[in-house]
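Numbering starts at 1 and runs along the sequence shown. Being a predicted model, the structure only gives us computed values, none of them experimental. Ligands are counted one by one from 1 in listed order, and the atoms in each one are counted from 1 as well.
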Amino acid sequence: MNDTLKVLETRRSCRSFKPDMVKEEDIQAVIKAGTYAATGRGLQSPIIIAVTNKEKRDEISRANRSINPAWAEDFDPFYGAPVILIVLADRNVPTYLYDGSLVLGNMMNAAESLGLGSIWIHRAKEEFDSDFGKQILKELGIEGDYEGIGHCALGYAAEPAKAPAPRKENYVYYIK
Ligand SMILES: Cc1cc2nc3c(=O)[nH]c(=O)nc-3n(C[C@H](O)[C@H](O)[C@H](O)COP(=O)(O)O)c2cc1C
């Protein structure tokens, strides 16, 4: 198996991160991998907001948690990750949802290749449809019709990755 295939197969979602900040060059490498994802008609509909500011990261965590009222006040939906890479995409591009999803996939696989833990955390849509998220976009001077696609929580894993679930039967059909 070559290195790329190994990364694709061994990447697992991390649900326990060390608080240590990720090396800047590794954050940049993960982001760059995201920006080179394929996009429909090459329109590059997504944008990435890279959050390393602890105060802002904690605010976003609280906003994300509040989307599910069943969660306890002290639950951190980002599992302690110090870096949150938020992907949004331009709703006016027909492939925006696929484009944004590929960006997230690239970033998680790039993280694995660098020995970093990562996980896709959901509810970015609700977050950025709310006044809270709109204010973040405003502060960054981001205009346009952007939908939150997902967050890539990134950091150093605090525990070894769990074994993957067995792949389901009938995942693949062949027409030969
Ligand atoms: C679209 C999407 C949304 C997800 N949202 C969350 C989430 O909000 N919280 C979480 O803990 N995991 C989330 N995950 C991670 C999945 O639970 C995880 O990918 C799945 O259990 C398979 O495990 P693996 O990534 O280790 O292969 C999400 C994954 C995807 C693809």
N/O donor-acceptor pairs under 3.5 Å from side chains in residues 133-141, not counting sequence neighbours:
residue: K134; atom: NZ; partner: D129; partner atom: O; Å: 3.4
residue: Q135; atom: NE2; partner: E139; partner atom: OE2; Å: 3.2

- Item | Within the protein, residues bringing a heavy atom under 4.0 Å of ligand 1, chain by chain | R11, R12, S13, R15, Y79, I119, W120, I121, H122, R123
- Query: Is there a side-chain contact between P82 and D20, using heavy atoms and a 4.5 Å cut-off?
  - Reply: no
- Is any NZ, NE, NH1 or NH2 atom of the basic residue among E59 and K56 found under 4.0 Å from an Asp or Glu carboxylate oxygen of the other? yes
- Mark yes when over 12 heavy atoms from residues, nucleotides or ligands other than E9 sit less than 6.0 Å from its CD; otherwise mark no. no
- For V51, which of L85, D58, I60, V83 qualifies under side chain to side chain contact (heavy atoms under 4.5 Å, CB included)? I60
- Message: To the nearest 0.5 Å, what is the distance between CZ on R65 and CD on E127?
- Response: 12.0 Å
